[in-house]
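Let me begin by presenting the structure, written as structure tokens, before commenting on it.
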Amino acid sequence: MAATSDQVFVGSIDQGTTSSRFLIFDKAGEPVAVHQEEFTQIYPNPGWHEHDPDEIVKSVENCIEGAIKVFEEKGFSKDSIKAVGITNQRETTVVWDVKSGEPLHNAIVWTDTRTAALARELKARPDSDKLTDICGLPISTYPSVTKLLWLLRNSEKVRKAYEAGNLAFGTIDAWLIYKLNGGPSKNVFVSDPTNASRTMFMDIHTLKYSEKMLDFFSYEFDIRKIHLPEIVRSADKKAFGQLSSGPLKNFPIAGCLGDQSAALVGQKGFDPGSAKNTYGTGCFLLYNVGEKPVISTHGLLATVAYDFDGKPVYALEGSIAVAGSGVKFLMHNLGFSHASHKITELAETVKDNGGLVFVTAFSGLFAPYWIDDAHGTMFGITHHTERGHIARATLEAVCFQTKAILDAMEKDSGHKLNELKVDGGMSNSTLCMQTQADLVGIPIVRPKMRETTALGAAIAAGFAVEVWKNFEELKEVNTAGQTVFEPKMEEAASKKMFKKWERAVTMCKGWLAEEESEEGNPDAGKLKEDAKKEQEEASKL
Ligand SMILES: Nc1ncnc2c1ncn2[C@@H]1O[C@H](COP(=O)(O)OP(=O)(O)O)[C@@H](O)[C@H]1O
Ligand SMILES: O=P(O)(O)OC[C@H](O)CO
């Protein structure tokens with residue numbers, strides 16, 4: 001079908017943890033062309049996880065090229081694309097030289113736990129308990145700051161650039177925008193608040209870098225000496241520049257959202273009280289809390305949902321580190337199958353988990369537990385246990401953590417959700433979604449078009465260039481063909497399952513001894529000595 005002259009489209013770069021995609025959406029929110037590419041996952045030591053920043057850029061460029069080819073083969077003209085939006089994996093930390101635009105180290109991925117000792121050291125510093133009120137996040141291995149500090153301590157290249165005043169730090173959005181604009185020659189160096197809020201440098205109330213946060217983290221290296229991206233709104237016609245090469249050369253980048261915020265936008269979670277849960281590599285539940293951030297007292301994060309017009313909207317977030325990556329672990333590490341949907345089929349070969357509970361704490365446990373000394377642990381193995389039970393327990397682990405997050409959210413917000421919208425690759429698993437409904441006791445609503453993350457970034461860019469002018473115009477977008485999973489399990493049975501999970505979580509605490517969490521870290525000894533010195537000095541004051 002060829003485009004009519006008044007048909008307009010918006011492109012969307014979706015740079016996820018395991019793959020990059022480029023999608024082209026029409027005004028009705030339907031994707032008309034897509035290209036996806038996986039890229040290399042680098043695991044140099046247990047608990048370490050890296051990406052090659054240049055490979056990420058290349059994969060995005062390939063995706064744009066691939067999708068445009070499909071688009072044109074369908075008879076559309078690329079001139080009908082009005083803007084491009086970007087959405088990305090968050091927290092993943094890239095460092096580069098401002099002069100050359102070359103990366104100085106592999107990107108340290110959000111799942112990486114090499115900074116466990118550093119996180120402990122930071123927690124022991126005076127006033128560490130005051131940080132969450134400012135930035136919305138607790139100290140852990142998860143936000144970018146611990147990864148950046150680790151790089152400063154452990155990479156000579158990074159330290160030299162720092163000393164010369166040439167070190168740039170950014171999350172994946174900032175890196176992509178910088179590179180796609182042409183690097184140092186244009187120097188478009190920006191990030192939006194949904195991404196900047198994941199570094200621990202931003203004040204969540206003002207959406208500006210916080211002097212207090214910068215002071216707190218500057219005890220060994222002066223963070224102000226590092227080039228940080230300017231924080232701009234999530235929808236902006238000019239701030240993100242334009243593509244400098246490829247089939248969309250000179251097309252504007254007009255929107256940017258961290259992937260979980262983008263999914264909330266793509267699910268049209270614009271009203272306070274609406275929520276979505278995205279089952280991708282990890283799983284992230286975001287609950288719209290309106291125009292003021294809510295600082296959790298139950299293990300959740302305060303984050304920015306979006307800032308389209310200077311009136312930011314906030315969300316409470318429950319982050320789960322392992323979801324689809326657990327499925328991939330069964331495929332790649334244990335050789336259970338070659339396709340994700342086969343893991344669900346395997347789980348369907350057994351009638352229940354057979355007493356098996358799998359705490360998939362490959363990166364420690366995130367929300368609402370924040371246990372960084374846990375590792376993946378299976379409880380309840382007997383002669384009865386077969387591969388189907390392991391597959392089932394892997395899917396269930398995400399559902400249990402989602403239940404714990406929803407309980408925490410209810411306590412923080414005082415509201416009970418009446419339904420939960422879902423998306424992401426793992427939401428393809430009908431068994432997983434039914435289990436989720438059974439465990440949380442509310443309907444699970446899955447849209448037919450599940451590229452909601454990419455749609456969210458397209459909406460941000462589309463708002464900036466007025467493809468859509470208001471939320472009302474999006475009313476019909478992605479409403480057709482939803483599947484609703486109603487809870488079917490007896491409440492008592494569901495409660496019993498969850499109790500067992502909670503017992504398993506308690507039992508896996510403290511598995512990792514302090515020395516083990518530092519293995520592979522060349523500076524572990526120094527870290528410990530420095531931390532001890534700092535503590536001694538602090539206690540003298
Ligand atoms: N039918 C399925 N059953 C279970 N897991 C699935 C299924 N389909 C996809 N997945 C999982 O979903 C994940 C990919 O989801 P996606 O939303 O693309 O993630 P990301 O954006 O983090 O790269 C993979 O880990 C994959 O194993
Ligand atoms: O790759 P995803 O979709 O699991 O998302 C990664 C998150 O942004 C990490 O915070």
Side-chain angles (χ1 to χ4, degrees), residues 12-21 23 34 36-39 41 49 51 56 59 63 87-93 107-112 137 140-144 147 171-173 194-195 197-199 257-264 266 276-286 301 303 315 317-333 336-348 360 362-363 366-367 391-392 394-399 422-436 446 450-457:
S12 180
I13 296 167
D14 180 357
Q15 204 304 296
T17 309
T18 55
S19 74
S20 301
R21 276 168 245 195
L23 292 94
V34 57
Q36 177 169 4
E37 232 182 72
E38 296 211 342
F39 56 89
Q41 305 297 319
H49 188 183
H51 290 156
I56 284 189
S59 73
C63 289
T87 180
N88 56 283
Q89 50 167 324
R90 306 164 303 164
E91 298 93 19
T92 297
T93 297
I108 301 188
V109 180
W110 60 274
T111 48
D112 190 294
L137 312 182
S140 76
T141 58
Y142 182 35
S144 314
K147 303 172 202 301
T171 40
I172 292 289
D173 55 317
T194 67
N195 279 295
S197 67
R198 315 298 294 190
T199 60
L257 287 165
D259 57 4
Q260 301 310 322
S261 294
L264 185 69
K276 68 86 209 178
N277 203 20
T278 302
Y279 303 72
T281 302
C283 181
F284 302 86
L285 201 156
L286 262 66
L301 309 180
T303 201
E317 171 174 326
S319 331
I320 300 168
V322 174
S325 56
V327 171
K328 289 212 161 156
F329 168 79
L330 299 188
M331 288 158 59
H332 301 149
N333 300 41
F336 275 22
S337 151
H338 294 296
S340 303
H341 71 272
K342 293 273 179 201
I343 298 296
T344 293
E345 283 173 20
L346 189 59
E348 281 162 348
T360 49
F362 305 163
S363 298
F366 285 12
R392 198 157 182 131
T394 306
L395 301 180
E396 285 178 356
V398 190
C399 303
V422 297
D423 51 43
M426 202 177 170
S427 73
N428 289 327
S429 169
T430 295
L431 174 65
C432 186
M433 294 302 100
Q434 185 55 53
T435 307
Q436 190 65 86
R446 184 178 70 181
R450 296 203 262 289
E451 297 288 358
T452 39
T453 301
L455 177 59

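We count ligands from 1, going down the list as the structure has it; atoms in each ligand are counted the same way.
- Given atom 21 (O) of ligand 1, the protein heavy atom at minimum distance is R21 NH2, 3.8 Å.
- Ligand-side atoms of ligand 1 in range of G324: 25 (O), 27 (O), range being under 4.0 angstrom from any heavy atom.
- In terms of polar-atom proximity, N88 is not counted as a contact of ligand 2, lacking any N or O under 3.5 Å from an N or O of the ligand.
- The nearest protein atom to atom 22 (O) of ligand 1, hydrogens excluded, is given as T281 OG1, 2.5 Å; this is a heavy-atom distance.
- The protein atom (non-hydrogen) at minimum distance from atom 17 (O) of ligand 1 is G425 N, 2.9 Å.
- For a threshold of 3.5 Å applied to N or O pairs, the pair formed by Q89 and ligand 2 contains no separation below that value.
- The shortest contact between atom 1 (N) of ligand 1 and any protein heavy atom is with H341 CA, 3.5 Å.
- Of all atoms in ligand 1, listed by their number and element, those nearer than 4.0 Å to a heavy atom of G424 are 17 (O).
- In terms of polar-atom proximity, R198 is not counted as a contact of ligand 2, lacking any N or O under 3.5 Å from an N or O of the ligand.
- Considering backbone and side-chain atoms together, W110 places no N or O closer than 3.5 Å to any N or O of ligand 2.
- Ligand 2 has no N or O atom lying under 3.5 Å from any N or O atom of F284, backbone or side chain.
- Protein heavy atom closest to atom 6 (C) of ligand 1, with residue, atom name and distance, is S340 CB, 3.5 Å.
- For ligand 2, the atoms lying closer than 4.0 Å to a non-hydrogen atom of E91 are 9 (C), 10 (O).
- For atom 23 (O) of ligand 1, the nearest non-hydrogen atom of the protein is T18 OG1, 2.9 Å.
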